[in-house]
Amino acid sequence: MRSYCILLFLLVLINCNKESNVFEFTTKTVDKNIVQELKQIKNQKPYGLLFQDEKYEVWSSCSGEWGGTIYFKNKHNGEIRYAQSTCVVSVNKIGDRYYISNVSTHLYERSSIFEIINPEKMELTLKLPPFHPEIETREYETKSNLGTKTIVDSVGVSILTSFIYKNNLYSVLKSYKNDIITISKVENNKFKTAQTLHGLILNDSPQILKESETHQKLYFQNFTSGVLDIKDNKIKFTFYKND
């Protein structure tokens with residue numbers, strides 16, 4: 001009887017300590033061509049506009065090795081604030097705080113996230129640069145970090161996107177050491193893996209269609225064609241086999 005109680009206690013302890021997956025990850029395959037869908041989403045928003053709320057439009061520019069910039073345009077007074085951001089892949093908001101996810105693949109892969117509590121403390125600029133994929137913007141890029149605070153800066157990984165779930169910021173990361181795709185969050189200024197998305201080999205330049213803070217779709221065309229759909233804690237990858 002005593003041995004049975006001890007065994008039962010150990011089983012309960014193991015189950016309590018076992019961390020279940022935060023996200024439900026599924027896959028499916030469809031006979032579709034992703035090119036047609038990419039054409040439809042390409043012009044859904046102005047080039048360079050990443051995010052907006054009741055007070056700000058948030059724009060970004062990227063000049064690769066020459067840097068990138070994040071812009072906050074105040075909708076009420078028209079003032080524009082900016083800071084260095086090389087290069088923005090996602091803008092998210094939790095409460096009154098903005099989180100800017102960046103990735104640079106020049107020479108080596110490097111990803112960072114910084115926090116902006118009050119955009120009005122960023123450096124003031126006079127105008128937004130011209131936004132067009134064929135126009136070089138490097139003469140407009142700033143080196144100012146005023147009003148920003150880096151919460152993580154990591155080499156060897158690329159942030160594909162970031163999203164909000166239960167008021168926590170998560171990032172989809174690609175490791176260049178082994179091509180593994182993970183869902184990670186920041187703890188103690190480091191990325192901590194929450195879950196691995198097994199079976200995915202993705203490039204680092206998806207087209208992102210953001211429906212809301214809790215729902216977005218990432219369109220991949222090279223290596224693996226398909227769509228990564230993230231909605232709350234449900235993550236689904238749809239493989240497109242007709243490409």
Side-chain angles (χ1 to χ4, degrees), residues 45-53 55-163 169 171-176 184-191 203-208 210:
K45 65 180 180 180
Y47 185 82
L49 179 62
L50 295 180
F51 176 92
Q52 57 181 319
D53 57 16
K55 190 172 182 179
Y56 296 103
E57 291 178 356
V58 184
W59 299 73
S60 75
S61 60
C62 179
S63 300
E65 62 188 287
W66 293 283
T69 303
I70 188 83
Y71 301 84
F72 280 73
K73 182 179 180 179
N74 192 307
K75 291 182 175 181
H76 304 300
N77 60 24
E79 287 186 349
I80 301 168
R81 306 276 174 170
Y82 69 167
Q84 181 180 5
S85 189
T86 308
C87 281
V88 186
V89 293
S90 180
V91 179
N92 301 93
K93 186 180 181 183
I94 301 176
D96 293 328
R97 302 184 179 210
Y98 300 87
Y99 294 90
I100 316 300
S101 300
N102 308 283
V103 63
S104 173
T105 56
H106 178 66
L107 298 181
Y108 59 90
E109 293 72 29
R110 180 178 181 178
S111 291
S112 65
I113 300 175
F114 63 78
E115 178 185 73
I116 298 174
I117 298 176
N118 183 4
E120 300 304 316
K121 293 185 177 180
M122 297 164 63
E123 187 170 326
L124 188 66
T125 186
L126 297 178
K127 63 180 180 179
L128 292 169
F131 290 101
H132 191 280
E134 296 181 2
I135 297 178
E136 288 191 2
T137 55
R138 61 184 181 183
E139 64 182 279
Y140 302 96
E141 311 296 3
T142 182
K143 298 299 181 184
S144 172
N145 293 311
L146 284 176
T148 69
K149 176 186 176 183
T150 300
I151 62 172
V152 66
D153 191 340
S154 185
V155 174
V157 295
S158 283
I159 298 177
L160 303 183
T161 192
S162 294
F163 62 97
L169 181 69
S171 298
V172 181
L173 293 184
K174 175 182 178 179
S175 169
Y176 279 83
S184 301
K185 64 179 180 178
V186 179
E187 289 188 6
N188 299 318
N189 302 113
K190 294 181 179 180
F191 286 116
N203 66 6
D204 54 6
S205 301
Q207 293 283 332
I208 301 175
K210 189 173 181 180

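Quick caveat, the model's predicted, so the values are computed rather than measured.
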- Task: Would you give the length of the straight line joining atom CZ of F72 to atom CZ of F51, rounded to the nearest 0.5 angstrom?
- Result: 8.0 Å
- In short, salt bridge (Lys or Arg N to Asp or Glu O under 4.0 Å) pairs touching residues 62-72 with sequence neighbours left out are none
- Message: Please find the pair of heavy atoms, one from S61 and one from E141, that lie closest to each other, and give the distance.
- Response: OG-OE1, 2.9 Å
- For A83 against L146, the heavy-atom pair lying closest together: CB-O, 4.3 Å
- Can you sort out the partners of K75 under side-chain hydrogen bond (donor to acceptor under 3.5 Å, both in side chains), two or more places apart, ordered by chain and number? Q52
- Message: For N188, I'd like to know if atom CG has over 12 heavy atoms of other residues, nucleotides or ligands within 6.0 Å.
- Response: no
- Message: Using side-chain heavy atoms (C-beta onward) and a distance below 4.5 Å, is T69 in contact with Y140?
- Response: no
- Item | Contacts of type side chain to side chain contact (heavy atoms under 4.5 Å, CB included), residue Q84, not counting sequence neighbours | T86, K143, N145
- Taking only residues at least two apart or on different chains, which pairs with a member in residues 83-92 satisfy salt bridge (Lys or Arg N to Asp or Glu O under 4.0 Å)? none
- Task: Name all residues meeting the side-chain hydrogen bond (donor to acceptor under 3.5 Å, both in side chains) criterion together with D53; count only those two or more places apart in sequence or in a different chain, and write none if there are none.
- Result: K93, Y98
- Task: Quick one: which residue pairs count as a disulfide (SG to SG under 2.5 Å) with a foot in residues 69-104, not counting sequence neighbours?
- Result: C62-C87
- Message: Please report the interatomic distance OG(S112) to CG(N189), rounded to the nearest 0.5 Å.
- Response: 12.0 Å
- For S60, check side chain to side chain contact (heavy atoms under 4.5 Å, CB included) against everything at least two apart and list the hits. L50, I70, V88
Sequence neighbours excluded and cut-off under 3.5 Å, please list the side-chain donor-acceptor pairs for residues 119-131, or say none.
residue : atom : partner : partner atom : Å
E120    : OE2  : Y56     : OH           : 2.4
E120    : OE2  : N74     : ND2          : 3.3
E123    : OE1  : S144    : OG           : 3.1

- Query: Say you draw a straight line from OG of S162 to NZ of K185; how long is it, rounded to the nearest 0.5 Å?
  - Reply: 13.5 Å
- So NZ of K210 and CG of N92: to nearest 0.5 Å the spacing works out to 4.5 Å
- Note on the structure: Contacts of S111 meeting side-chain hydrogen bond (donor to acceptor under 3.5 Å, both in side chains) (sequence neighbours excluded), chain-then-number -> none
- Query: What pairs with E109 under salt bridge (charged side-chain N to carboxylate O under 4.0 Å, His left out), at least two apart in sequence or on another chain?
  - Reply: none
- Query: Is any side-chain heavy atom of I113 closer than 4.5 Å to a side-chain heavy atom of I100?
  - Reply: no
- Message: Please give me the minimum heavy-atom distance between S158 and V103, naming the atom from each residue.
- Response: OG-CG2, 3.5 Å
- Task: Answer yes or no: is there a side-chain heavy-atom contact under 4.5 Å between V186 and L169?
- Result: no
- Task: Please round to the nearest 0.5 Å and tell me the distance separating atom CG of D96 and atom CD1 of I117.
- Result: 10.0 Å
- Only counting residues at least two apart or in another chain, list the ones meeting ring-ring contact (aromatic ring centres under 6.0 Å, His included) with F163. F23, Y170
- Item | Approximate separation, where rounding is to 0.5 Å, of S171 OG and F191 CZ | 5.0 Å
- Closest heavy-atom pair and its distance - F114, T150: CB-CA, 3.7 Å
- Item | Which residues share a side-chain hydrogen bond (donor to acceptor under 3.5 Å, both in side chains) with S104, sequence neighbours left out | none
